[in-house]
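Worksheet for the structure shown next.
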2 protein chains.
Amino acid sequence: MRVSAKADYAVRAAVELAAAGEGEPVKGERLASSQDIPLQFLEHILLELKHQGLVRARRGAKGGYWLARPAGEVTVADVVRAVEGPIANVQSMPPETIEYAGNAESLRDVWIAVRANIRSVLEEVTLADLVAGELPSSVAALAAEPDAWAAR
Amino acid sequence: MRVSAKADYAVRAAVELAAAGEGEPVKGERLASSQDIPLQFLEHILLELKHQGLVRARRGAKGGYWLARPAGEVTVADVVRAVEGPIANVQSMPPETIEYAGNAESLRDVWIAVRANIRSVLEEVTLADLVAGELPSSVAALAAEPDAWAAR
DNA sequence: CGCACTCTCGACCTAAAAAGTCGAGAAAGT
DNA sequence: ACTTTCTCGACTTTTTAGGTCGAGAGTGCG
């Protein structure tokens, strides 16, 4: 139950692009250094984001990357899905396709509920929210709970 | 963002033990066949559950496994943690220990919120709930949403 | 006691995924 | 032309997932 380095990198790079705004494109190297991500790895990630239509790029001296849409219209879920594929839950199968035998029948509903709850966070938060440091209230409320910060 | 086969197996085996109740112990082979899990892999999983104090076992002809606690006092989170360790979120680090640079600062709160939301499902559902097929209302409500069943 | 049965547990194995590196090439701008 | 920066396939390396094997040790029965 973990988020890959790649997905984490992708979101951080996207946030950095969101912060840069509509001006001139941001170079890969600057993204890499400002978020401390290996440059060549990041280039592959940005390429995937580009292929998914989230990012645009131009080469050459005045080149770089920028967001294809306004930062307020790109969610964290969009970015994570672009690099990790669907937020699949169990054994790399989407939970709704799994049939459990007998006593474990209801387990599917549990995984469905987990996925729904993950989505409800990732699909609500936009890159603009992150840059502004103001998360949607439902998400902020979750993060404000002291219990949420306890390791377990 | 996925649950490993191991964790899935562990929960299913635990549910099966819960269903067997307080009578005589259940043999590994019966757990394996009723939930269609490779026996020798399952044995290792059961051993981990035993080491974590969730399960007890006895060898010999009348041997087998049983739950160390009543099924109503064992949550899915307990079982998942026993075999996967903490529900760590990012890059195998707990999110509360991560420091993000500048613009990505609020990202930590997002991962914290995600983890909190995962926990809120897994810590609420007990093995007894699963056997009875009656999930706690908050979880049942999530699973009842048609949107929750859509692939994405 | 002896024996069958079942759990215990470390060693091993293979395949895939994660994480990252390299290098040649192709557009952009000056 | 020339430099810069993105493009992208190929490759490497490390770790994890998912499993198998086989020797041993505890349990209960006849």
Side-chain angles (χ1 to χ4, degrees), chain A residues 1-13 17 20 24-33 35-68 80 83-86 88-93, chain B residues 1-13 17 20 24-33 35-68 80 83-86 88-93:
Chain A
M1 215 72 193
R2 57 186 287 273
V3 174
S4 67
K6 190 169 165 184
D8 188 50
Y9 289 163
V11 177
R12 283 153 62 190
L17 289 180
E24 42 193 43
V26 184
K27 296 193 204 321
E29 191 170 359
R30 219 184 94 211
L31 292 173
S33 68
Q35 285 296 324
D36 199 37
I37 302 171
L39 172 60
Q40 310 188 106
F41 191 29
L42 177 61
E43 286 176 334
H44 282 281
I45 293 169
L46 287 164
L47 206 53
E48 286 188 62
L49 294 181
K50 190 190 162 192
H51 288 326
Q52 297 302 314
L54 293 180
V55 157
R56 290 198 215 287
R58 183 171 29 228
R59 319 188 206 197
K62 288 264 169 183
Y65 303 89
W66 65 95
L67 288 180
V80 172
V83 298
E84 291 209 321
N89 255 88
V90 181
Q91 304 209 43
S92 44
M93 302 278 292
Chain B
M1 215 71 190
R2 57 187 287 274
V3 175
S4 66
K6 190 170 166 184
D8 187 51
Y9 288 163
V11 176
R12 283 154 61 191
L17 289 180
E24 41 193 42
V26 184
K27 296 196 206 316
E29 192 171 358
R30 221 185 92 211
L31 292 173
S33 68
Q35 285 295 324
D36 200 37
I37 302 171
L39 172 61
Q40 310 187 104
F41 192 30
L42 177 61
E43 287 177 332
H44 282 283
I45 292 169
L46 288 164
L47 205 53
E48 287 187 62
L49 294 180
K50 190 189 163 195
H51 288 327
Q52 297 302 315
L54 292 180
V55 157
R56 290 197 216 287
R58 185 174 25 232
R59 317 186 207 197
K62 289 263 167 185
Y65 303 89
W66 65 95
L67 288 180
V80 172
V83 298
E84 291 209 319
N89 253 89
V90 182
Q91 305 207 39
S92 44
M93 302 278 291

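Convention: sequence-line order gives letters A, B, ...; per-chain numbering from 1.
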Which distance, rounded to the nearest 0.5 Å, do you find between the [atom1] of [X] and the [atom2] of [Y]?
{"X": "B:K50", "Y": "B:I45", "atom1": "NZ", "atom2": "CD1", "result": "16.0 Å"}
{"X": "B:M1", "Y": "A:R2", "atom1": "CE", "atom2": "CZ", "result": "10.5 Å"}
{"X": "A:Y65", "Y": "A:L54", "atom1": "OH", "atom2": "CG", "result": "14.0 Å"}
{"X": "A:R56", "Y": "A:L17", "atom1": "CZ", "atom2": "CG", "result": "13.0 Å"}
{"X": "A:E43", "Y": "A:I37", "atom1": "CD", "atom2": "CD1", "result": "12.0 Å"}
{"X": "A:D36", "Y": "A:L42", "atom1": "CG", "atom2": "CG", "result": "11.0 Å"}

Provide, to the nearest angstrom, the distance between the [atom1] atom belonging to [X] and the [atom2] atom belonging to [N].
{"X": "A:K50", "N": "D:dT5", "atom1": "NZ", "atom2": "C1'", "value": "12 Å"}
{"X": "A:L46", "N": "D:dT5", "atom1": "CG", "atom2": "C1'", "value": "12 Å"}
{"X": "B:I45", "N": "D:dT20", "atom1": "CD1", "atom2": "P", "value": "11 Å"}
{"X": "B:K27", "N": "D:dG28", "atom1": "NZ", "atom2": "P", "value": "12 Å"}

Phosphate oxygens OP1/OP2 of D:dG19: is one of them under 4.0 Å from a side-chain N or O of B:Y9?
yes

Taking only heavy atoms on the protein side, list every residue of residues 36-44 of chain B lying under 4.0 Å from any atom of DNA chain D, sorted numerically.
B:P38, B:Q40, B:F41, B:H44

With sequence neighbours excluded, residues passing salt bridge (charged side-chain N to carboxylate O under 4.0 Å, His left out) with B:E48
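Residues passing salt bridge (charged side-chain N to carboxylate O under 4.0 Å, His left out) with B:E48: B:K6.
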
Nearest-nucleotide wise, let me know which of A:K6 and B:G64 is further upstream toward the 5' end of DNA chain C.
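Nearest-nucleotide comparison on DNA chain C picks B:G64.
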
Could you pick out which residue, B:A61 or B:Q91, lies toward the 5' side of DNA chain C when each is mapped onto its nearest nucleotide?
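Per heavy-atom nearest nucleotide, the more 5' residue is B:A61.
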
Earliest and latest nucleotide of DNA chain C, 5' to 3', sitting under 4.0 Å from a non-hydrogen atom of chain B?
C:dC5 to C:dA11

For B:R2, answer base if it contacts any base atom (sugar-phosphate contacts may also be present), sugar-phosphate if it contacts only those atoms, and nothing otherwise; contact means non-hydrogen atoms under 4.0 Å.
sugar-phosphate

Heavy-atom pair with the smallest gap, counting every atom of A:K27 and A:A61:
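Shortest heavy-atom separation between A:K27 and A:A61 comes out as NZ-O, 3.1 Å.
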
Atom of B:A20, atom of B:V26 and distance for their closest heavy-atom approach:
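B:A20 and B:V26 have their closest heavy atoms at CB-CG2, 3.3 Å.
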
On DNA chain D, compare the nucleotides closest to B:S92 and B:K62; which residue's is nearer the 5' end?
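Nearest nucleotide further toward 5': that of B:S92.
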
